[in-house]
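For reference, the structure is listed below as structure tokens.
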Number of protein chains: 2
Amino acid sequence: MRGFAEGLIDRPQTVAEQVANVMREAIASGTLKAGTALRQDELAEQFGFSRMPIRDALRQLEAEGIVSIHPTKGAHVAGMDSAEIAEIYAVRELLECEALRLSVPALSGGKLDEAEQVLDQIDAERNVGRWGALNRAFHLSLYHACGNQRLLGLIEAHHNAADRYVRILLSNLDYRKRSQAEHRDLLAACRQRDGKKAVSVLRQHLREGSDTLVNAIEGGGLSRKS
Amino acid sequence: MRGFAEGLIDRPQTVAEQVANVMREAIASGTLKAGTALRQDELAEQFGFSRMPIRDALRQLEAEGIVSIHPTKGAHVAGMDSAEIAEIYAVRELLECEALRLSVPALSGGKLDEAEQVLDQIDAERNVGRWGALNRAFHLSLYHACGNQRLLGLIEAHHNAADRYVRILLSNLDYRKRSQAEHRDLLAACRQRDGKKAVSVLRQHLREGSDTLVNAIEGGGLSRKS
DNA sequence: TCTCGTACACGCGGATACTTATATCCCCGA
DNA sequence: TCGGGGATATAAGTATCCGCGTGTACGAGA
């Protein structure tokens, strides 16, 4: 739920936010695997801060759905079973298709050019860690003109929740190629101001991602919910 | 974002959660008006707890969008301008219509009877404070069979965010009558397993609520964002 | 008199040390 | 072998402290 209108107003960054950012990245990158116990004292020592901001950060991440906290049992990196992945993708499809539908008529040529540049960057990028961020940037750039900040916030939150898994997808060269082809189709439909077409391409794109992930996780024996 | 699968697993309630619950109710009921400063040590003294759980509670409420926190300036009861109300209702429409669409074919007769009982309770209820809760219970009871916990969680979160304003609506006798009529239409469509009809009634219902609220707030001079 | 700068008070973020409660594990005895 | 009880680990909560950014009020200078 982070990021409703962030960046618009300058807020001094708190330690808790910095910690949350670092941990979010660590979880997304797989450094912290699903199910890992996140001990407050341990983290406090590692980061060199006291327990207080660490708790704030954990609460924050819990709200984002990538950490689960049980009173007396503590915080763990949230796992995802394939059912939950399917749920997240179903919600993403709902939210993002709506945002795209609203956004397409309002998209400026400049924004579209920006989106295309992001696609070129993805093709050029060799660092696995950056793909996730670029992928997200591309998607969000198409939705920005939707005019509903809250909707964008939710979409961003769900990108966060799915980030770890998107990275798994993107590390697969085959999927990445297909994904990029779909991205270019999507962009083309947007350039033609064909909202219906764009939405249907996006819907297909997300379903493919979801299916690929669910198969990978059900078959591949990835670490499960704690 | 609270309440994804709450209640299914017994978690000992933390002080922070209790505090959050009390404050959520206080904000929804209007006891705490929009813009009110929420000073940590003041609250700590009032509740008789230390600052730590109060901070946790404030973070929680911030994630729910009903409190805004600025480092160094502290927490305030979040206001809503009419634009934000429109946004929330647009998202609610999207989420709830989808949940209903998925849910209708799976709704058991028992669930429908329960929903009808809730409607009867609303008619009988004289206490303004309870209407909001009953109204929410009715809506959620129709969505429960949608099979997507995450979607239900988001819907609940948006009910929380809109709660204060729904209560304003419901304290208006005229709106309440119309609303109840629409609720019965909605229920009837569900009984007929007519998903399309049900969704269209729901959509109309939510749009009416949104419009009524936006007009009330733009005209009525309600307290604004801090 | 009006404006600008400074100084002070307030309240938050954070640190630290300590207490309490709870879950888990392991061992010991029936 | 199994079940109960204690030891241990860890989270939740308490009490207090400090530093710093912000807002404000007051006094000095134009």
Side-chain angles (χ1 to χ4, degrees), chain A residues 2 6-24 27 32-64 66-79 225-226, chain B residues 2 6 8-24 27 32-64 66-79 224-226:
Chain A
R2 201 86 280 250
E6 232 80 29
L8 301 176
I9 35 178
D10 69 309
R11 325 193 324 165
Q13 249 212 337
T14 64
V15 170
E17 279 161 2
Q18 294 171 42
V19 170
N21 289 338
V22 172
M23 290 188 57
R24 190 182 300 111
I27 292 173
L32 288 170
K33 285 179 211 145
T36 307
L38 300 169
R39 262 165 266 293
Q40 300 184 353
D41 301 358
E42 208 172 291
L43 293 170
E45 202 176 353
Q46 278 178 21
F47 280 102
F49 297 114
S50 75
R51 262 179 52 212
M52 184 110 61
I54 269 77
R55 283 181 58 153
D56 285 347
L58 288 175
R59 292 259 171 197
Q60 181 57 49
L61 296 173
E62 188 199 19
E64 293 176 21
I66 58 182
V67 157
S68 65
I69 299 181
H70 187 300
T72 78
K73 285 207 290 188
H76 293 257
V77 177
K225 200 162 213 166
S226 61
Chain B
R2 203 85 277 257
E6 233 80 31
L8 301 176
I9 34 179
D10 69 310
R11 324 194 324 164
Q13 251 213 337
T14 64
V15 171
E17 279 162 2
Q18 292 172 43
V19 170
N21 288 338
V22 172
M23 291 188 56
R24 191 182 299 112
I27 292 172
L32 287 171
K33 285 179 211 146
T36 308
L38 301 169
R39 261 163 269 292
Q40 297 184 355
D41 21 21
E42 204 174 293
L43 293 169
E45 202 176 354
Q46 279 177 23
F47 280 102
F49 297 113
S50 70
R51 263 179 52 207
M52 181 107 72
I54 268 77
R55 284 179 59 161
D56 285 347
L58 288 174
R59 290 262 172 196
Q60 181 57 48
L61 295 174
E62 188 198 21
E64 294 176 21
I66 60 182
V67 156
S68 65
I69 299 181
H70 188 302
T72 79
K73 285 206 288 190
H76 294 257
V77 178
R224 303 269 306 211
K225 203 160 210 166
S226 63

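Residue numbering restarts at 1 for every chain, and letters A, B, ... go by the order of the sequence lines.
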- line: Contacted region of DNA chain C by chain A, from 5' end to 3' end of the hits, cut-off under 4.0 Å to heavy atoms, spans C:dG13 to C:dT24

- prompt: Taking all non-hydrogen atoms of both residues, which atom of B:R59 and which atom of A:A16 are closest, and how far apart?
  reply: NH2-CB, 4.2 Å

Closest approach of B:H76 to B:G74 (non-hydrogen atoms, all atoms of both residues): CD2-O, 3.8 Å

task: Grab the two heavy atoms, one from B:Q13 and one from B:N21, that are nearest each other, plus how far apart they are.
output: NE2-ND2, 3.1 Å

Every protein N/O within reach of nucleotides 11-15 of chain D N/O, cut-off under 3.5 Å:
from: D:dA12; atom 1: OP2; to: A:Q40; atom 2: NE2; distance (Å): 2.9
from: D:dA12; atom 1: N7; to: A:R51; atom 2: NH2; distance (Å): 3.4
from: D:dG13; atom 1: OP1; to: B:V15; atom 2: N; distance (Å): 2.5
from: D:dG13; atom 1: N7; to: A:R51; atom 2: NH2; distance (Å): 3.4
from: D:dG13; atom 1: O6; to: A:R51; atom 2: NH1; distance (Å): 2.9
from: D:dT14; atom 1: OP2; to: B:S50; atom 2: N; distance (Å): 2.8
from: D:dT14; atom 1: OP2; to: B:S50; atom 2: OG; distance (Å): 2.8

message: Can you give me the closest heavy-atom contact between B:Q60 and B:A20, atom names plus distance?
response: CG-CB, 4.4 Å

message: Contact between A:L61 and A:L38 at the side-chain level, heavy atoms closer than 4.5 Å - yes or no?
response: no

For residues 49-58 of chain B, which side-chain donor-acceptor pairs fall under 3.5 Å, sequence neighbours excluded?
from: B:R51; atom 1: NE; to: B:Q40; atom 2: OE1; distance (Å): 3.1
from: B:R51; atom 1: NH2; to: B:Q40; atom 2: OE1; distance (Å): 3.4
from: B:R55; atom 1: NH2; to: A:D56; atom 2: OD2; distance (Å): 2.8
from: B:D56; atom 1: OD2; to: A:R55; atom 2: NH2; distance (Å): 2.4

message: On a heavy-atom basis, which atom in B:A75 and which in B:I69 lie closest, and how many Å separate them?
response: CB-CG1, 4.0 Å

